[in-house]
Amino acid sequence: MADQKNWVSSEELKNHNKPGDLWISIQGKVYNISDWAKDHPGGDSPLLNLAGQDVTNAFVAFHPGSAWQYLDQFFIGYLKDYQVSEVSKDYRRLVSEFTKAGLFEKKGHGVLISMCVIVFLLVLSVFGVLWSNNAWVHLGCGGLMGFIWIQSGWLGHDSGHYQIMSTPGYNRFAQVLTGNCLSGICIAWWKWNHNAHHIACNSLDFDPDLQHMPFFAVSSYFFNSLVSYFYDRKMNFDSFTRFLVSYQHWTFYPVMCLARINLFAQSFMLLLSKRRVRNRGQEILGLLVFWIWFPLLVSCLPNWGERLMFVISSFAVTGIQHVQFCLNHFSSSIYVGPPTGNDWFEKQTKGSLDITCPSWMDWFHGGLQYQIEHHLFPRLPRCHLRKVSPFVKELCMKHNLPYTNVSFWEANVMTIGTLRTAALQARDITNPVPKNLVWEAVNTHG
């Protein structure tokens, strides 16, 4: 019977790695998902990034056990030279143990508590705007709004990775409510962007979370004008970009205070594009809700000075979250090229770092202080990340892999250090780019 099986070699599998011709392997079985890729709930980007190779580790990381039943319809043969590394064996064993322990299903009461806190703070912020004439109160309400966006962002993040509500329908409602309606961020854009980040963690040309030109470049590799395979465009390192990057270690925090503007823009750009977007109508409606209630609330302030102060303070406070997103990856190991499926565990651990904090501060980081654990087990509710971290650390030690764990302060120092190193390299006259008058004026005397 074995001789009658349809065997596929790894070399043959590699040839099927493009839109319309997309094969993958899971646990030694080969599947042709060419026609189905466009219907993948996580988008086609993760599939295209890992096309033509074994994706078992990524599959078990992102999919519950119930997803296995849908694979048979795509089955076309067996991978002839299928092999599993010792690291992958141990990783899959951990996933299996956590599944048997029910950790992926036990979500705790954190979601309910977070929602109650958000509602209370939102009422408090609105009350302060409407019933107080004190400018300092209005400033505080703006900061409070930024804090609300941070906490709603954590809920939106969690709901995109696993079902935080009792049913898929309620989970979808929570996504649109916390993302689109409350924060003005298109949840469809976030899922498209974030899924690509998880699959291609810290790939300079495939991970959108490292592609912040012209403002930031975490590596001198960007000076070669890399092509972004996520945005499908060349990231030009011209004279203007070089000027901004040269001072990025000084501009990092100010830019983060206004980074939300970019998220607003990216949300509209996706929804107004020709790209296929699931539930586009819901997404647009959710954004319209935000762009009605938020400007209306701001307009209730007595003058333009206080209105501007309210908006800036809300953006500045939520900028803390944008900094947090950067700390986990900016100073970690990077690489150029597409992600690979056979070193999943290694790439996720090398490309992420954990931030040490006491358990009573977990609310501040939204679970992402355990970034390594989150990247290895993205479906794991945040209330269990602290619990599983010793197992991950032990596995890293067993296979001589880095397990970087630093304080919040140290993470900031490391991030600024990475940006400063790249900034000084950008100023190097031995790597010239076409200059403009601004560049010449600023750098005439070194």
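Reckoned from all heavy atoms, side chains included, excluding hydrogens, waters and symmetry mates. Numbering starts at 1 and runs along the sequence shown.
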*Which atom pair, heavy atoms only, marks the closest approach of Leu182 to Thr178?*
CB-O, 3.8 Å
*Please say whether more than 12 non-hydrogen atoms of neighbouring residues, nucleotides or ligands are located less than 6.0 Å from NZ in Lys347.*
yes
*Parallel, tilted or perpendicular: rings of Phe330 and Phe252 (30°, 60°)*: tilted
*asked:* Any heavy-atom pair between the side chains of Met213 and Phe222 that's under 4.5 Å?
replied: yes
*asked:* So Ile187 and Arg172, do their side chains get closer than 4.5 Å, heavy atoms only?
replied: yes
*Measure up the His375 and His198 rings against each other and bin them: parallel (under 30°), tilted (30 to 60°), perpendicular (over 60°).*
parallel
_Rounded at 0.5 Å granularity, tell me how far CG in Asn303 sits from CD in Glu306._
4.5 Å
*When you measure from the side chain of Glu105 to the backbone N and O of Gly102, does any donor-acceptor pair fall under 3.5 Å?*
no
*For Ala188 and Leu270, work out which heavy atoms get closest and say how close.*
C-CD2, 3.9 Å
*Without swapping roles, check the side chain of Ser273 against the backbone of Arg275 for a donor-acceptor pair under 3.5 Å.*
yes
*Determine, step by step, whether Asp39 and Arg276 satisfy the salt bridge (Lys or Arg N to Asp or Glu O under 4.0 Å) criterion, reporting the C-alpha distance in whole Å, the side-chain angles of both residues, the deciding distance to 0.1 Å, and the verdict.*
CA-CA 10 Å; Asp39 298 316; Arg276 186 182 182 189; 3.1 Å; yes
*Just by distance, do the side chain of Asn171 and the backbone of Ser159 share a donor-acceptor pair under 3.5 Å?*
yes
_Non-neighbouring partners of Lys18 that pass salt bridge (Lys or Arg N to Asp or Glu O under 4.0 Å), sequence neighbours left out_ = none
*How many angstroms lie between NE2 in His138 and OG in Ser125, if you round to the nearest 0.5 Å?*
10.0 Å
*May I ask you to test the Trp154-Arg382 pair for a side-chain heavy-atom distance under 4.5 Å?*
yes
*Could you verify whether a donor N or O on one side chain and an acceptor N or O on the other, from Asn405 and Thr356, lie under 3.5 Å apart?*
yes
*Polar side-chain atom of Asn328 near backbone of Ser352 as donor-acceptor pair, under 3.5 Å*: no
*Which pair of heavy atoms, one from Leu50 and one from Ile24, lies closest together, and at what distance?*
O-CG2, 4.3 Å
*In sequence, state the C-alpha distance, the side-chain angles, and the governing distance for Phe264 and Trp291, and then conclude on side chain to side chain contact (heavy atoms under 4.5 Å, CB included).*
CA-CA 10 Å; Phe264 291 155; Trp291 287 107; 3.8 Å; yes
*Below 4.5 Å, heavy atoms only, C-beta onward: do Leu263 and Trp189 meet side chain to side chain?*
yes
*Test side chain to side chain donor-acceptor pair (under 3.5 Å) applied to Ser228 and Arg233, Lys234, Gln211, the passing residue*: Gln211
_So Met397 and Glu394, do their side chains get closer than 4.5 Å, heavy atoms only?_
no
*Walk me through it: do Leu353 and Ser331 pass the test side chain to side chain contact (heavy atoms under 4.5 Å, CB included)?*
CA-CA 9 Å; Leu353 64 82; Ser331 58; 3.5 Å; yes
*asked:* I'd like to check Trp363 versus Met361 (side-chain heavy atoms, cut-off strictly below 4.5 Å). Are they in contact?
replied: yes
_Euclidean distance, Asn57 CG relative to Ile26 CD1, rounded to 0.5 Å_ = 11.0 Å
*Please check if the side chain of Gln53 supplies one atom and the backbone of Gly341 the other of a donor-acceptor pair under 3.5 Å.*
yes
*Would you kindly say whether Asp209 and His329 are connected by a side-chain donor-acceptor distance under 3.5 Å?*
no
*Stepwise, does the ring pair (Phe, Tyr, Trp, His ring centres under 6.0 Å) test hold for His374 with His365?*
CA-CA 12 Å; His374 171 62; His365 296 280; over 10 Å; no
*Would you say the side-chain atoms of Asn412 and Tyr253 include a donor-acceptor pair closer than 3.5 Å?*
yes
*So do the side chains of Trp409 and Ile355 get within less than 4.5 Å of each other, counting heavy atoms only?*
no
*Can you tell me how far CG of Leu401 sits from OG1 of Thr349, rounded to the nearest 0.5 angstrom?*
4.5 Å
*NZ/NE/NH1/NH2 to OD/OE distance under 4.0 Å, Arg386 and Asp354*: no
*side chain to side chain contact (heavy atoms under 4.5 Å, CB included) assessment of Leu103 paired with Phe377*: CA-CA 11 Å; Leu103 296 185; Phe377 313 102; over 6 Å; no
*Determine the interplanar angle of the Phe294 and Phe290 rings, folded into 0 to 90°, and report it as parallel if under 30°, tilted if 30 to 60°, perpendicular if over 60°.*
parallel
*State whether the side chain of Thr99 and the backbone N or O of Val95 hold a donor-acceptor pair below 3.5 Å, judged by distance alone.*
yes
*Donor-acceptor pair, Thr421 side chain versus Gly417 backbone, under 3.5 Å?*
yes
_Pair Glu373-Phe391, side chain to side chain contact (heavy atoms under 4.5 Å, CB included): steps then yes or no_ = CA-CA 10 Å; Glu373 288 75 11; Phe391 298 98; over 6 Å; no
*Nearest-0.5 Å distance, OH of residue Tyr370 to NE2 of residue His384*: 14.0 Å
*Nearest-0.5 Å distance, OG of residue Ser314 to CG of residue Leu297*: 9.5 Å
*Without swapping roles, check the side chain of Ser299 against the backbone of Leu296 for a donor-acceptor pair under 3.5 Å.*
yes
*Does NZ or CZ of Arg427 come closer than 6.0 Å to the centre of the six-membered ring of Tyr247, within 45° of the ring's axis?*
yes
*Any sub-3.5 Å donor-acceptor pair from Asn195's side-chain atoms to Gly42's backbone N or O?*
yes
*asked:* Cation-pi check for Tyr162 against Lys107: NZ or CZ below 6.0 Å from the six-membered ring centre and within 45 degrees of the axis, yes or no?
replied: no
*Return yes when atom CH2 of Trp293 has more than 12 non-hydrogen atoms of other residues, nucleotides or ligands closer than 6.0 Å, and no otherwise.*
yes
*Ignoring hydrogens and angles, tell me if any N or O in the side chain of Asn202 forms a donor-acceptor pair with the backbone of Ser333 under 3.5 Å.*
yes
*Which atoms form the tightest heavy-atom contact between Phe230 and Asn193, and what is the distance?*
CZ-CA, 3.6 Å
*For Leu301 and Val129, work out which heavy atoms get closest and say how close.*
CD2-CG1, 3.7 Å
_Any His194 side-chain heavy atom under 4.5 Å of His161 side chain_ = yes
*Taking only residues two or more places apart in sequence, or in another chain, which ones meet Pro19 in a side chain to side chain contact (heavy atoms under 4.5 Å, CB included)?*
Leu48
*Does the pair Glu283/Arg280 count as a salt bridge with the N-to-O cut at 4.0 Å?*
no
*Please state whether the rings of Phe325 and His322 are parallel, tilted or perpendicular, taking 30° and 60° as the class boundaries.*
perpendicular
*asked:* Between Asn134 and Ser132, is there a side-chain donor-acceptor contact under 3.5 Å, judged purely by atom types and distance?
replied: no
*Identify whether NZ of Lys or CZ of Arg in Arg260 sits under 6.0 Å from the centre of the six-membered ring of Phe315 and within 45° of that ring's axis.*
no
*What pair of heavy atoms forms the shortest contact from Cys357 to Asp362, and how long is it?*
SG-OD1, 3.6 Å
